[in-house]
Amino acid sequence: MRDRYEPGAFEQIWRNRWLEHDLFVTREDPTREKFYGLDFFPYPSGAGLSVGHCRNYIPTDVICRAKYMQGYNVLHPMGFDAFGLPAENEAIKRKSHPGPMIDQYAANYQRQMELIGISYDWSRSFKSSDPEYYKWTQWIFKLLYERGLAYRSNAEVNWCPKDKTALANEEVVGGLCERCGTPVEKRAIPQWFFKITDYAQRLIDDLDDVDWPEGIKNQQRNWIGRSEGVEFTMRVVFDSELEVGHPDDLVVVADQSDPRFKVFTTRIDTIFGMTFCVLAPEHPLVATIKKRVDNDRVAEIEAYQAKAKTLSEMDRQADNREKTGVNTGAYAVNPANGKRVPIFIADYVMMGYGTGAIMAVPAHDQRDFDFAVKFGLDVVPIYRPDESFLKANDTDEGTYLSDPKAFPEVFTTKDGTLVNSGEYSGMSFEEGSAKMTEWIVALGIGEQKVNYKLRDWLISRQRYWGCPIPVVYDKDGNAELVSDNLLPVELPEVDNYEPSDDGSSPLSRIPEFLNVTTQDGMLGRRETDTLGGFACSSWYFLRFADPHNESQPWNQEKADYWMPVDCYVGGAEHAVMHLLYARFWTKVLFDAGLVKVKEPFQRLMNQGQVLGQTPYRQPKDDEVLGVGEEGILLSFEEAAQLPEDEVTWRWVRMSKSKGNVVTPDEAVANYGADALRIYELFVAPFEQSVNWNNEGMQGASRFLSRVFRLASEIAPKWNDAWKLSIEHEPADGKSKEIRRATHQFIRKATEDIDRFAFNTYISSAMTFVNTITDILKQVPNPTESERLALSEALESLIKCLSPAAPHSADEIWQSLEEPGFVYQLDWPKFNADLAAEDTITIAIQVNGKLRDTLQMPAGSSNEDVEAQALASDKAQSFIDGKTIRKVIVVPGKLVNIVAN
RNA sequence: GCCCGGGUGGCGGAAUGGUAGACGCAGCGGACUUAAAAUCCGUUGUCCUUAGGACGUGCGGGUUCGAGUCCCGCCCCGGGCACCA
């Protein structure tokens, strides 16, 4: 029998056998419970997998293998998110076609996943670009449309000039394209949207029912951005309507046709402090205002509107940007006190949120304050600030109230008392806002309202490589769904599919695709935009339940059986995109009665990133660093040539572009698949990022060698029928120690795998191997009882380690001349009595400091323990000359003697 | 600015309010070897000359018989959001 870990000699053999025996084909035994373990749907990049990707797949594999051995039916599938921009961009760069290219890349991914021994059921695999799959993506699109959740609109959208397509809000980060970093432009193009905003509240509420990291839940809540407030209407008046000579008079010429506008505020309590209003430059009321103010104003307004339109998202969001705006010359009437206040347009108010208009309260809002200072507007305080504000600004109430503009800090908290607020003066925030809300609702000009930052999901892309949208337009441009029997609308094979700058899809240049007949036989035109990749990945987890169904997206019974995903594992970077979209689709499908779950992913886990050491240097004089760059990236060759002090090494996420990738191919070739698996599990807690180093794999490999050596030493004493007689042999001396270590290990391994504590799972295996190795040295000629205990120890080690090191487990199992695969054996059960220690070390503290330890039989009485502790010479030397005030005994742990 | 994470030996990390540093890496000493690698045995928080002791989980307070762990106030690092009314 092999006495060391020699992966080259057996790992590939076992992988082949697993495949030959269809070991990982999903078991659907109705008498068993199910477990659905899933990894995020990967886009198969041409660079292949790095050891960073493996950090996702290995832990899920451990869970799934352990669950299978624990008796569950396990669904552990893998497929590929093949449609979308990354694939298409890569194909364009390589002047190839994305279809065959992605097949090749996916095959490479599969090869690498098999290389590291992941137990996927490949018979269920598919790509989102398979017509058999996207037929049903289109079917679900239709479902959304029929339920009023898909619509076409000519809204201003985020356009990436490099990718030449519109992007969803979630794909724009800080005004840049999330994928390529190009500044995003505004363009008005007719686009398809999904009405995810209808589900905003449910998407918040149901987060309470899933077992996800709090951070991710929070990110989703923030992204959805619920805020409660009041929406109310204000009248607009113009100079011409005011009685001449009484410019500030409250008497306004009655005019029922006064234009009105609505504002949304979360601080209705500050309404008496409103000194102006602001409309977004795109607000429809501006057109009305332009008709009623003089020409100079109109020119100014239009100039500002034009400027706002050309301003990129980047510029508009720039840090600490000075406020800009234009006075429209119109006034709003504050319903609280009847005062008229000027209406401005300014780009710090956005059309897309709330009503696109605000009441401005400069005394208690930083943005409004900045604007008021810049434009010389009144700042009327309506809160007496609390003590801490006055103290921080070294002032008193009177000084503040007489001139709040003189203070650099704006009082924005809710900890003051209302003043200058008519009958509400003297009230707190809580009381004031409640009463004012009541009043404004009673007046009939406003209502309580909830707003969400979440926008509808822009889903059309002006690109070739995506799922075609199953819509046809008649000659009048009316949309009509493609009927089910004509699905899928197949993506045509073409040679030239490059995107264009004009916002049209490449499909619009293919007459055979474009021209169709409508359902009534008239000439029609196909929708030529395709669905963004996130649509395809919003339901794939359902398809895995029934992947080859030709007549339905899934058989309902099967989906009901397997859903929800019990454990979903992937990177935290998808916190708001994929996870929000998939939840939305699941809820829609739930509403349509097609699935039984409201949430698709019961438990979510995010693995930490793997960072590779990456060389950088300082920029030279003529070099400019891009946004967020910390230096000029070097290749490893360049770094080797530069003097040491000119190179800065940083830990950066592994990526092809950084040149810092370690592939599983290299790792397996140099150290072995099981060593890679053990190392990735052991190196750090699952969620934490890791600085990669190859020496760690050396350690993992050494550990596996110790496992083989231990197994080879036990092998001659191996008794595979140990289970039958072990309970009849008295466990004493060494055999008791062996059994104790065994059952402690089984317990730790079982619990740690369940709680994703893979690092301590592996360390407990190391401790166990060390312990048994030590004991084995002490029993060169083991008794029958010891032989049985050693056999139990070895079998438990093989089984409990097999999810982490499956090749080695099978290799050792076979060397013991045992049949079958470890994967098909039952997971051992731990026995708490056997795991219990019979001698316990008690710590003796004096005044909380450790002074001595004590060996006591387990279960000793508190009195005995206390008496022994007080008898300790070492403890006594610290008590000497003091009076014992108290003795605290923690059973099985310690004794603390309090003396002074 | 706001919302999450996180600060423990030379390094990765372990520790239901109860003996801080499990397990591993690296280091050091030794065995084996002509030698090296591999492997094995021992050792390794800091300080005090040792027995032994003092100090030690980012900083400052607090609660407790007892705090890495709980509470209050900071500092630093990582991530997310951000003119959202």
Side-chain angles (χ1 to χ4, degrees), chain A residues 3-4 173-174 213-223 225-227 229 231 263-267 270 277-278 280 316-321 323 346-350 352-361 365-368 370-371 412 451-455 572-573 575-576 606 609 678-679 682-685 687-700 702-703 705-706 709 757 759-770 773 777 841-854 874 877 885-899:
Chain A
D3 67 350
R4 47 190 285 206
V173 179
E214 268 317 304
I216 300 285
K217 289 191 187 184
N218 259 325
Q219 275 189 53
Q220 292 219 349
R221 289 192 191 104
N222 290 343
W223 185 261
R226 178 193 160 98
S227 62
E231 192 174 286
V263 295
F264 173 73
T265 180
T266 53
R267 293 295 303 271
T270 62
C277 284
V278 184
R316 192 161 163 169
Q317 289 181 8
D319 263 5
N320 297 327
R321 192 172 149 245
K323 294 275 180 295
D347 63 10
Y348 83 90
V349 172
M350 270 149 305
Y353 182 75
T355 61
I358 61 160
M359 68 171 203
V361 183
D365 182 283
Q366 183 70 49
R367 296 152 302 179
D368 298 343
D370 295 345
F371 194 86
T412 55
N451 261 312
Y452 302 91
K453 281 193 252 181
L454 183 71
R455 306 294 151 81
E573 66 275 12
V576 284
N606 302 120
Q609 299 185 347
I678 293 279
Y679 172 62
F682 178 66
V683 64
E687 318 83 55
Q688 206 161 298
S689 61
V690 167
N691 298 339
W692 185 264
N693 80 322
N694 286 329
E695 275 146 12
M697 272 191 296
Q698 190 65 255
R702 232 178 335 235
F703 162 65
S705 279
R706 288 203 299 273
R709 202 185 62 191
N759 55 333
T760 51
Y761 153 54
I762 299 301
S763 76
S764 73
M766 290 171 168
T767 307
F768 180 51
V769 169
N770 293 345
T773 303
K777 278 183 210 150
T841 309
I842 305 285
I844 305 176
Q845 295 182 342
V846 178
N847 292 331
K849 283 188 177 162
L850 181 73
R851 296 304 180 188
D852 199 2
T853 58
L854 200 59
K874 286 180 186 169
S877 71
R885 301 289 172 194
K886 203 176 187 182
V887 179
I888 289 143
V889 182
V890 181
K893 291 281 184 186
L894 59 67
V895 178
N896 188 13
I897 302 162
V898 185

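Excluded from the calculations below are hydrogen atoms, water molecules and symmetry mates; all remaining heavy atoms, backbone and side chain alike, are included. If you're wondering where the values come from, they're calculated on a predicted model, not measured in any experiment.
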A.B. asks: With RNA chain B as reference, determine whether A:Y348 or A:G696 sits nearer its 5' end, using the nearest nucleotide of each.
C.D. replies: A:G696
A.B. asks: Between A:E573 (CD) and B:rG80 (P), how many Å, whole number?
C.D. replies: 10 Å
A.B. asks: If I pick the P atom on B:rU44 and the same atom on B:rG52, what distance separates them, to the nearest angstrom?
C.D. replies: 14 Å
A.B. asks: Which nucleotide, B:rC40, B:rC81, B:rA20, lies nearest any side-chain atom of A:R702?
C.D. replies: B:rC40
A.B. asks: Would you indicate which nucleotide in B:rA85, B:rC65, B:rC41 comes nearest to any side-chain atom of A:K777?
C.D. replies: B:rC41
A.B. asks: Would you say a side-chain N or O of A:K849 is under 4.0 Å from OP1 or OP2 of B:rC55?
C.D. replies: yes
A.B. asks: Are a donor atom and an acceptor atom from the side chains of A:E214 and A:N218 found within less than 3.5 Å of each other?
C.D. replies: no
A.B. asks: Counting only side-chain heavy atoms from C-beta out, which of B:rA38, B:rG18, B:rA85 sits nearest to A:N896?
C.D. replies: B:rG18
A.B. asks: Choose from B:rC23, B:rC83, B:rA85 the nucleotide whose nearest atom is closest to any side-chain atom of A:S227.
C.D. replies: B:rA85
A.B. asks: Measure from the side-chain heavy atoms of A:K893 and tell me the nearest of B:rC65, B:rG18, B:rU19.
C.D. replies: B:rG18
A.B. asks: Does A:N218 place a side-chain N or O at less than 4.0 Å from the phosphate oxygens OP1/OP2 of B:rC81?
C.D. replies: no
A.B. asks: Please determine if A:K323 forms a cation-pi arrangement with A:F371, meaning its NZ or CZ atom is less than 6.0 Å from the six-membered ring centre and no more than 45° off the ring axis.
C.D. replies: no
A.B. asks: Picking from B:rG18, B:rC41, B:rC65, which would you name as closest to the side chain of A:Q845?
C.D. replies: B:rG18
A.B. asks: Which string of ( ) [ ] | and . matches RNA chain B, if you list each base 5' to 3' and count Watson-Crick or G-U pairs only when both distances are under 3.5 Å?
C.D. replies: (((((((..(((.....[....))).(((((.......))))).((((...))))..(((((..]....))))))))))))....
A.B. asks: Measure from CD on A:Q220 to P on B:rC4 and round the result to the nearest Å.
C.D. replies: 16 Å
A.B. asks: Say you pick atom P in B:rG9 and the same atom in B:rG45; how far apart are they, in whole Å?
C.D. replies: 13 Å
A.B. asks: Could you state the atom-to-atom distance from CG of A:D370 to C1' of B:rC83 in whole Å?
C.D. replies: 9 Å
A.B. asks: Can you tell me which nucleotide in B:rC83, B:rC81, B:rG24 comes closest to the side chain of A:M766?
C.D. replies: B:rG24
A.B. asks: Starting at CG of A:N222 and ending at C1' of B:rC4, how long is that distance when rounded to a whole Å?
C.D. replies: 9 Å
A.B. asks: Which one, B:rC23, B:rU19, B:rC65, comes nearest to the side chain of A:A843?
C.D. replies: B:rU19
A.B. asks: Return the value, rounded to whole Å, for the distance between atom CZ of A:F768 and atom C1' of B:rA14.
C.D. replies: 20 Å
A.B. asks: Counting only side-chain nitrogens and oxygens, does A:S705 get under 4.0 Å of the OP1 or OP2 atom of B:rU39?
C.D. replies: no
A.B. asks: Considering only side-chain heavy atoms of A:M350, which listed nucleotide, B:rA20, B:rA85, B:rG80, is closest?
C.D. replies: B:rA85
A.B. asks: Could you check A:A700 against A:S877 and say which one's nearest nucleotide on RNA chain B is further toward the 5' end?
C.D. replies: A:A700
A.B. asks: What interatomic distance, in whole Å, is found between C1' of B:rC32 and the corresponding atom of B:rU39?
C.D. replies: 9 Å
A.B. asks: Tell me what A:K453 touches on the nucleic acid: a base, only sugar-phosphate, or nothing, going by heavy atoms under 4.0 Å.
C.D. replies: base
A.B. asks: Could you pull out the protein-nucleic contacts involving nucleotides 9-13 of chain B (nitrogen or oxygen on both sides, under 3.5 Å)?
C.D. replies:
unit_1	atom_1	unit_2	atom_2	d
B:rG12	O2'	A:V683	O	2.5
B:rG13	OP1	A:Q688	NE2	2.1
B:rG13	O5'	A:Q688	NE2	3.4
B:rG13	O3'	A:N759	ND2	3.4

A.B. asks: Looking only at the side chain of A:W223 (C-beta and beyond, no hydrogens), which of the listed nucleotides B:rC83, B:rC81, B:rG18 gets closest?
C.D. replies: B:rC81
A.B. asks: Apply side chain to side chain donor-acceptor pair (under 3.5 Å) to A:N694 and list each qualifying residue two or more places apart in sequence or on a separate chain.
C.D. replies: A:W692
A.B. asks: So which atom in A:F264 and which in A:T355 form the shortest heavy-atom distance, rounded to 0.1 Å?
C.D. replies: N-OG1, 3.7 Å
A.B. asks: Closer than 4.0 Å, any side-chain N/O of A:R221 to the OP1 or OP2 of B:rC81?
C.D. replies: no
A.B. asks: Quick check on B:rG9: syn or anti? Syn means the glycosidic torsion is within 90 degrees of zero.
C.D. replies: syn
A.B. asks: May I ask you to say what A:G699 touches in the nucleic acid, namely base, sugar-phosphate or nothing, with a heavy-atom cut-off under 4.0 Å?
C.D. replies: sugar-phosphate
A.B. asks: If I take atom CG from residue A:D365 and atom CD1 from residue A:I358, how far apart are they, to the nearest 0.5 angstrom?
C.D. replies: 7.0 Å
